[in-house]
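In what follows, a single structure is set out as structure tokens and then discussed.
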Amino acid sequence: MKFSLLTTDLQSKARAGLITTDHGTIETPIFMPVGTVGSVKGVHINELEKDIHAQIILGNTYHLYLRPGLQILEKAGGLHKFNSWNKPILTDSGGYQVFSLSDNRKLTEEGALFRSHIDGSKHLFTPENVVETQRIIGADIIMALDECAPGDADYIYTKTSMELTHRWLQRGMKHFKSTEPKYGYSQTFFPIVQGGAYTDLRKQSAEFIASVGAEGNAIGGLSVGEPAEVMYEMVAVVNEILPQDKPRYLMGVGTPENILENISLGVDMFDCVMPTRNGRNGMVFTSNGIMNMKNKKWEDDFSPLDPDGTASVDHIYSKAYVRHLFASK
RNA sequence: GGGGAGAUACCGAAGCGGUCAAACGGGGCAGACUGUAAAUCUGUUGGCUCAGCCUUCGUAGGUUCGAAUCCUGCUCUCCCCA
């Protein structure tokens with residue numbers, strides 16, 4: 001993987017660059033749609049490429065490992081072949097599931113022992129085998145196993161958790177360096193900054209992550225319940241420390257506003273479930289605020305078309321206009 | 001023509017003497033959603049001058065301190081036999 005910084009904004013920390021992988025080039029700042037189990041929910045792979053112009057998508061180690069399983073993925077020749085997505089793929093390590101499926105897992109020094117949400121079977125995810133799994137999935141960008149701690153975690157918990165994540169990183173990195181890609185194209189490995197909402201921990205973590213010398217770095221453990229202002233503060237602190245010449249990936253963020261703010265703080269990569277999940281649930285962001293398309297109260301707020309027959313910006317987001325589009329199709 | 005079953009809120013459907021303005025689904029209305037256990041989840045859903053009162057379980061009467069629940073007439077619906 002190669003990252004070239006093209007230009008940097010003079011009035012903010014925003015920058016534009018290019019990430020080059022064996023599956024193609026990514027223009028940053030970039031939003032990466034989430035395709036947890038190999039497909040981006042509600043979006044056909046053709047639409048993803050031709051309409052949405054996604055340049056990279058996510059997959060999830062935990063979910064792909066459980067279903068369809070590594071045997072099938074390996075037999076297919078990796079996820080790119082399995083889902084016919086020939087552009088870059090980044091896979092999350094399962095670190096988020098340590099957080100979101102916290103009732104179904106046990107954390108030890110060794111790793112995270114999950115009880116499958118599908119059939120209750122037990123599966124140990126270690127920093128090493130998670131790298132191995134991502135080798136088999138064939139992700140262009142492999143994420144380190146981390147613990148994504150809850151946003152309201154206290155200092156002691158967050159510190160202990162961060163230190164565990166650091167130790168896991170060393171193990172994961174070692175394993176990554178001692179293994180080879182399986183399908184002939186190169187893979188890279190991103191470590192993840194933790195430290196919760198505590199400035200000193202964030203600094204400490206960012207320094208540790210920077211010292212590893214990876215080709216790109218991620219910021220995790222944010223947008224997990226803390227106020228947006230706290231998130232911005234943490235990102236600002238971390239970005240002071242993470243190298244300028246490597247892409248910075250803010251995991252799990254976020255709203256359009258969050259994304260713009262964080263771009264101005266120097267973040268290059270984002271992913272979030274929000275557009276696909278909220279799309280499926282009928283929620284849309286408009287200049288008039290959040291709109292739930294299923295709610296009738298929006299119906300009369302906009303007429304389908306302006307008198308001259310064109311749609312204004314607000315109309316584009318109105319329920320009436322969307323209905324108009326469907327009706328005319 | 002003979003025999004049987006049933007009519008419950010927007011719809012489906014429980015309830016079969018008091019704790020029933022009436023379970024549960026659906027639908028409606030509103031809210032939530034940030035590295036996806038999510039085409040999901042939560043709240044609400046007779047009216048009002050709202051810690052109370054009023055009207056509602058096909059319809060008209062009756063029994064009872066008290067009826068969606070028991071009795072009688074009527075009106076519809078469905079099933080079986082001829």
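It should be emphasised that the depicted structure is a prediction, and the values quoted were computed from it without experimental measurement. Order of the sequence lines sets the chain letters (A, B, ...), proteins ahead of strands, with each chain counted from 1.
The separation between A:Leu64 atom CG and B:A37 atom P is 12 Å, rounded to whole Å. The interatomic distance linking A:Met291 (CE) with B:G31 (P) rounds to 11 Å, in whole Å. Nucleotide B:U34 holds its C1' atom 15 Å from the CD1 atom of A:Ile219, rounded to whole Å. Between the P atom of B:A37 and the CG atom of A:Asp119 lies a distance of 16 Å, rounded to the nearest Å. Rounded to a whole Å, the CD1 atom of A:Ile290 is 9 Å from the C1' atom of B:C33. For the pair A:Lys294 NZ and B:G28 P, the computed distance is 10 Å after rounding to whole Å. We find that CZ of A:Phe189 is positioned 21 Å from P of B:G35, with the value rounded to whole Å.
Across the P atoms, B:A51 and B:U45 are found 16 Å apart, a figure rounded to whole Å.
Residue order along RNA chain B, read from the 5' end via each residue's closest nucleotide, puts A:Asn278 first among A:Asn278 and A:Ser100.
Residue contacts for A:Leu250: at a heavy-atom cut-off of 4.0 Å it reaches no nucleic acid atom on any strand shown. Across all strands, A:Thr276 comes closer than 4.0 Å to base atoms (heavy-atom distances). Contacts of A:Asn60 with the nucleic acid, taken as non-hydrogen atoms under 4.0 Å apart, involve only primed sugar atoms and P, OP1 or OP2.
In this structure, B:C50 makes no Watson-Crick or G-U wobble pair, since no nucleotide meets both defining distances under 3.5 angstrom.
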